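Have a look at the structure below before the remarks.
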Protein chains: 2
Amino acid sequence: MTTDQSRPGLRDRKKRQTRAALSAAALRLVAERGLDQVTVEEISEAADVSARTFFNYFPSKDEALLGDQPTDREVLAARIVAAPPELSAFDALRLAFGDVVEAVEADREVWLLRLRVIAANPSLLPRLISGNAETEQVIVAAVAARLGLDPCHGHPTLVTTVAGAVFRTALMQWVERPDTTTLRELTAEAFAAVAAGLPDPS
Amino acid sequence: MTTDQSRPGLRDRKKRQTRAALSAAALRLVAERGLDQVTVEEISEAADVSARTFFNYFPSKDEALLGDQPTDREVLAARIVAAPPELSAFDALRLAFGDVVEAVEADREVWLLRLRVIAANPSLLPRLISGNAETEQVIVAAVAARLGLDPCHGHPTLVTTVAGAVFRTALMQWVERPDTTTLRELTAEAFAAVAAGLPDPS
DNA sequence: AGCGATCTTGCAGGGACTGCAAACTTTTAG
DNA sequence: CTAAAAGTTTGCAGTCCCTGCAAGATCGCT
């Protein structure tokens, strides 16, 4: 378990660095040339590790671009169960995604690059936020726990997938005009539209 | 363009057969053994064609399992623009997906097998209905046309991705208990829940 | 310093997928 | 009916993704 109370330790720090270097190299190269014009070998070379090491960090080339940190899931799930109990499950998700928005805005440039890469390589799009089986399962479980419902009941799944779709849409809209609006606004609008039953805009 | 008013012609018939044989073989084998325990070579052999021919029909192993017919897209888009004008865009989609439900129920056994395969191999899930870039673009365009809106406006995209997520969850719920309920019911319930703003179930 | 735990790397190999060019088959035109 | 045209199937060669394994390097602790 390494050190518990001391600082991260050299080993962990190096791993973080390597992971970040691989992810950054992947984003940069794919942004420049396109997904299938970049090989794992080139990414690894740019990050100064062997190609084999790349696969110690990411199970596939795509994952290095999506940056779905396993810790994010747990944090998100925790916020969902911790949301004020008077909120509906959908509102709890709305709130939780607000925190995700903050995280994205804290890494604005990286996320804009990532979203540009995803927009330019649509095969990556389905795996952004929604459609990620692992993440979705965790969130569904959190929602079901919050509602005291069986996870096999349909409602938690429905709320989760819809919220994911909403946030994904907000992200893709944001990347198109990141300077004339904020992700926060777009997300709030999209969630509000769904909460209102998706009426046509007046 | 082949023959216009006569019957399909031998050539087209054979292509349909081969495509169907490949798709059926893929579904059967993957249902039996799992996605990564089946090779394209085995699928092709079961369909009596060469492995190279497989890739003349499907760009990837996955596509043979998902069966996203290009014609379906156009039909769906046409229904959306043709829906009664007093309906909201979301209700137009609700109606259009009703037709999809019929198509699925007409091929009940194949679709149940397909959905079982998808449930057992979650990497396929994101590409079911929603998240398919091609299909989504067509539907977004239809919705935008219906509303007389710029396709870059966010609303058509939002409505489309949400409706896709709704239908996808209905499908995945249906496959869990296909005998105690109908896809029609599940889809109607899910769309109704979203139209009501996704309140918690009482 | 030395031992155990962890990380990196090379190597070998399976399998997805593509481009190309040679058969082969259906369609069409004469 | 026949021959050219158009479209399809196939094998082959090759690239790249990804994995298991075992050896070597590095880190953390005593």
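Lettering of chains follows the sequences in order, A, B, ..., and the numbering in each one begins at 1. Quick caveat: nothing in here was measured; it's all calculated off a predicted structure.
- When the nucleotides D/dT8, C/dT9, C/dT18 are ranked by their closest atom to the side chain of B/Lys15, D/dT8 comes out on top.
- Taking atom CZ of residue B/Arg52 and atom P of nucleotide D/dG7, one finds them 18 Å apart after rounding to whole Å.
- For A/Thr53 and C/dT8, the shortest distance from a side-chain N or O to OP1 or OP2 is not below 4.0 Å.
- A/Val49 is not listed as a side-chain neighbour of A/Phe54, based on a closest heavy-atom distance of 4.5 Å or more.
- A/Ser23 contributes no side-chain N or O that, together with a main-chain N or O of A/Arg19, makes up a donor-acceptor pair within less than 3.5 Å.
- The separation between A/Asp12 atom CG and C/dA5 atom C1' is 13 Å, rounded to whole Å.
- The separation between B/Leu124 atom CG and C/dA16 atom P is 14 Å, rounded to whole Å.
- A/Lys14 has no side-chain polar atom (N or O) that falls below the 4.0 Å cut-off from OP1 or OP2 of C/dC7.
- Within the structure, side-chain hydrogen bond (donor to acceptor under 3.5 Å, both in side chains) contacts touching residues 94-115 of chain A (residues at least two apart or in different chains) are A/Arg79-A/Asp99, A/Asp91-A/Arg94.
- Checked against A/Thr169 for a side-chain hydrogen bond (donor to acceptor under 3.5 Å, both in side chains), the options B/Thr161, B/Thr157, B/Thr160 give a single hit: B/Thr161.
- Atoms CZ (B/Phe54) and C1' (C/dA16) sit 10 Å apart, rounded to a whole Å.
- By the 4.5 Å heavy-atom criterion applied to side chains, A/Trp174 and A/Thr187 are not counted as neighbours.
- Rounded to a whole Å, the CD atom of B/Gln17 is 15 Å from the C1' atom of D/dT9.
- Proximity of residues 33-42 of chain A to DNA chain C (heavy atom under 4.0 angstrom from any strand atom) is not detected for any residue.
- For the side-chain hydrogen bond (donor to acceptor under 3.5 Å, both in side chains) criterion with B/Thr181, the lone passing option out of B/Arg177, B/Arg184, B/Glu185 is B/Glu185.
- Nucleotide D/dC18 holds its P atom 14 Å from the CG atom of A/Leu22, rounded to whole Å.
- On a pure distance criterion of 3.5 Å, a polar donor-acceptor pair joins the side chain of B/Arg11 and the base of C/dT25.
- Among D/dT10, D/dG20, C/dT18, the nucleotide with an atom closest to any side-chain atom of B/Phe55 is C/dT18.
- Residue contacts for A/Tyr57: at a heavy-atom cut-off of 4.0 Å it reaches the sugar-phosphate backbone alone, with no base atom in range.
- Between A/His155 and A/His153, the ring-plane angle classifies as perpendicular under the 30° and 60° cut-offs.
- Listed for the B/Arg146 side chain is a donor-acceptor partner under 3.5 Å among the backbone atoms of B/Ile80.
- At least one side-chain heavy atom of B/Leu128 sits less than 4.5 Å from a side-chain heavy atom of B/Leu115.
- DNA chain C is contacted by no residue of residues 58-67 of chain A, taking any non-hydrogen atom closer than 4.0 Å.
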